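Heads up: the structure comes next, in structure tokens.
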Amino acid sequence: MSSARWLTPTSGFLSGYTHSLNPYVGCAFGCSYCYVRRLPVGLFRGEPWGSWAEPKKADPSKLAKEISAVKRKGPVTVFFSSATDPYQPLEGKLGITRSLLKAMAEEPPNFVLVQTRSPLVTRDLELLRTLGDAVRVSMTIETDREDVRRLFTPSAPPLAARFRALRELREAGVATQAAVSPILPHTQEFAVRLVELAPRIVVDDYFQGDGSGGRRSEALGMRGMHAEHGLAEWYDPSVVERLVLQLRKLAPAHEIGVSAEGFAPTPLRG
Ligand code: SF4
């Protein structure tokens, strides 16, 4: 096993986080809108994004030491993960994310956001509880329309399973949020469903959330994909504004965040 580091210092979009943590390279979910496919980390194998994922070549038992060393210099806030999903299908067999959570239970960072779209996260419920206030699980729920989910992210877990997972975590006392990121065409009941599901909701879109003011999403052909399927009116910055207004009206006590500020580690006001 190589001595590669787990924690990568962040810059740019992940405001409020000192480090990102990616247990895998590549991602089997291969979402159509994923801009990681065009980054060096998505291109180096020369194979289509979504067709491969492999464990990062680093030793999970070293993470606790890394956290401890960085903590000596100041607070450590970790975005887990930024260029893959920590609950890859492979994770069921390899348990690397689980080992990293165990290391964090031993040497907790000041805060870790577990960002996933997989219900496999509930396997680690007890470890997440151990981390207490230092962890929040952010479940991607871009829509409540399963036909839309299948269209844009055919290899990602079904929405119903994500809803169930988020509920289970919340009922077990783990801090959770629903990440509507990027917002996709949805039903009129989406806001009500989100409010019932999570105490904290973060909404983002192609224009604010792709790290380039929407240029990466344009280059990936997202405008064309919406148009091709009769969904052109959904490719518009007003879609986020509309949902945020609905959410704030429906649930003034909920924490509602938008784009990078919504993902930040610090608590938000509604
Ligand atoms: S789960 Fe995340 S990293 Fe993986 S393809 Fe989808 S957006 Fe990209």
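Fair warning: this is a prediction, and the values are worked out from it, not measured in the lab. We count ligands from 1, going down the list as the structure has it; atoms in each ligand are counted the same way. Just so it is clear, the values below take in all heavy atoms, side chains as well, and ignore hydrogens, waters and symmetry mates.
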Using a strict 4.0 Å threshold on nitrogen-to-oxygen distance, state whether [X] and [Y] make a salt bridge.
X      : Y      : value
Glu142 : Arg162 : yes
Arg215 : Glu218 : no
Glu107 : Lys65  : no
Glu126 : Arg129 : yes

Looking only at protein heavy atoms, which one is nearest to atom 8 (Fe) of ligand 1, and what is the separation?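 Protein heavy atom at minimum distance: Cys34 SG, 2.3 Å.
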I need the nearest protein heavy-atom contact for atom 6 (Fe) of ligand 1: residue, atom name and distance, please.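 That would be Cys31 SG, 2.3 Å.
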Ligand 1 contact by Thr84, heavy-atom criterion under 4.0 angstrom: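 Thr84 counts as a contact of ligand 1 under the 4.0 Å cut-off.
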Would you please determine whether Tyr35 falls within less than 4.0 Å of ligand 1 on a heavy-atom basis?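 No; Tyr35 lies far enough from ligand 1 that no heavy-atom distance drops under 4.0 Å.
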Within 45° cone of Tyr235 ring axis and under 6.0 Å: Arg223 NZ or CZ: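 The answer is no, since Arg223 fails at least one limit relative to Tyr235.
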Honestly, is Arg242 close enough over Trp234, meaning NZ or CZ under 6.0 Å from the six-membered ring centre and within 45° of the axis?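 Cation-pi check for Arg242 and Trp234: passes.
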Please state whether the separation between atom 8 (Fe) of ligand 1 and some N/O/S atom of Cys27 is under 2.8 Å? no
Between the candidates Gln115, Gln88, Arg117, which shows the shortest non-hydrogen contact distance to atom 1 (S) of ligand 1?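 When every heavy atom of Gln115, Gln88, Arg117 is considered, Arg117 comes closest to atom 1 (S) of ligand 1.
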Atoms of ligand 1 close to Gly30 [distance to a heavy atom under 4.0 angstrom, numbered from 1]: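 The list of qualifying atoms is 5 (S).
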